[in-house]
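Bear in mind the structure is a predicted one, so any value in this text is a computation, not a measurement. Counting starts at 1 for both ligands and their atoms, in listed order.
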Amino acid sequence: MAKKLTNEQIEQYNRDGYLMPLDLFSTNEAQDIRDHIEGLETIHNQGVAGNALNQFFRINGQVAIPFMAEIAKTPALLDAVEDILGPDLMVWSCELFIKEAGAEKVVSWHQDLTYWGLGETDDEVTAWIAFSDVSKQAGCMKFIPGSHKQSIAPHSDTFSEDNLLSRGQEVAVDVNEDDAVYDELKPGQMSLHHGRLFHASGPNKSSDRRIGMAIRYVTPDVQQVVGKRDYAMLVRGADRNQNWINIAAPSTLFGEEEMKLYNEILVAQSAALTAGAEQTVNLYAPSNKMAGI
Ligand SMILES: O=C(O)CCC(=O)C(=O)O
C-alpha cells in the first residue's frame, strides 16, 4: 500500500520519469530552511578548511552539514520515495543548486547517472526541493517525458563556466525543446525524477535567488561499479546487501571527524566522477585546496 503517492502518481512516474509538484514543507518551514542556508553563507563567506562553502553545498552536503542530512530524513519525503523505490532507502548525496538573481548559470541537458558509477539503475531517484519561487523565469528544471526509458546516451563535456554541472556535461544527441515540461515549484514543494531522465535548466531571469536542494536516494541493491567503494546513509529500512559503506548523519557542522569522512568519500568517488574527463573536474577536489567554483 502506497504511503504518500496515489497509484496514478506512481504510474505517472513510471511512464514519464518524474513527478511534480508535490507538497512537502509549508511556506514558513521552507523560509526557515532558506534562512539557515543563507545564515551559513554569511558565517562561512571565507570558505571552510580552505574550500569555498559551495563545495560542501554542491556535493555530499549530508556528510558535513547536519541540517542537510535532517532534510533528507523528513518522513513525508521518505514516504514518497518509498512509494517509488521500496522500503529500504539510502542517501547517496545531498546538493544545493543555487542560481543568483539575474545569473547566467544554466544546467545543460543530461542524465544524472552518466558519471556516478552506479550503472543504469532504476533504483535511484532524485528529490528536488524548492526553497524559493522556482518558476520558469527563475530557471526551474525542465524534463523530457519518457526519456528515462532509454539507456544512458553519449555525453560530451563542455566545461562551460556558466554550467552548474561539474564538467558541463551534456547529452550528445538532439533534444527537442518543444517536448520539454517545466518543473515549476513554489517554496516547500518538490519534484521526483529518475536517474536516466533527460533534464536541464535555464538562467535565472527573476529578481530573487533560485534555491533548490537535490537529494539522491538509492536502494541497497545499487552498487558502485566504477570506483572501488562508495558510501551512503541508511535513512529507512535495512541494508542487507552491504554494497555500501554505511555512514551516519553528521553531529557537528564541519566537525573534525565529519571533514575527515567528507574527504575520504570525495577521494573514493572521484574515480567515477572524473572518469574519462579531459580536464580537471574541480568541483570534486578534496578539501585541502580551494576548489575553482
Ligand atoms: O537545479 C538544477 O537546475 C539542476 C539540478 C539537476 O540537474 C539535478 O538535480 O539532477
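Side-chain contact check for S93 and E95: at least one donor-acceptor pair (N or O, by modelled atom type) lies under 3.5 Å. Side chain to side chain, N204 and E100 fail the donor-acceptor criterion of an N or O pair below 3.5 Å. In the model, Y115 has a side-chain atom that pairs as donor or acceptor with a side-chain atom of D157 under 3.5 Å. Counting only N and O atoms by type, the side chains of T126 and E124 include a donor and acceptor under 3.5 Å apart. Judged purely by distance below 3.5 Å, without hydrogens or angles, the side chains of S132 and D208 never pair a donor atom with an acceptor atom. Of the N and O atoms on the side chains of D35 and Q31, at least one donor lies less than 3.5 Å from an acceptor on the other residue. In this structure, a donor-acceptor pair under 3.5 Å is absent between the side chains of W116 and Q111.
Residue contacts with ligand 1: E95 is excluded, as none of its non-hydrogen atoms falls under 4.0 Å.
Listed by atom number, the atoms of ligand 1 under 4.0 Å from D112 heavy atoms are 10 (O). Residue contact check: H193 has heavy atoms under 4.0 Å from atoms 8 (C), 9 (O), 10 (O) of ligand 1. Against a heavy-atom cut-off of under 4.0 Å, H110 is close to the following atoms of ligand 1: 7 (O). Contact atoms of ligand 1 toward M141: 2 (C), 3 (O), 4 (C), 5 (C), 6 (C) (distance under 4.0 Å to a heavy atom of the residue). Using a 4.0 Å cut-off to heavy atoms of A214, the atoms of ligand 1 that qualify are 9 (O). Close approach to S201 involves these atoms of ligand 1, each under 4.0 Å from a residue heavy atom: 2 (C), 3 (O).
Taking only nitrogen or oxygen atoms, main chain and side chain alike, W128 reaches within less than 3.5 Å of ligand 1.
Only the side chain of R210 comes within 4.0 Å of ligand 1, counting heavy atoms alone; its backbone N, CA, C and O stay farther away. With a 4.0 Å cut-off on non-hydrogen atoms, R216 touches ligand 1 through its side chain and not its backbone.
Atom CG of N45 has more than 12 neighbouring heavy atoms from other residues, nucleotides or ligands inside a 6.0 Å radius.
Among protein heavy atoms, atom 6 (C) of ligand 1 sits closest to H199 NE2, 3.6 Å.
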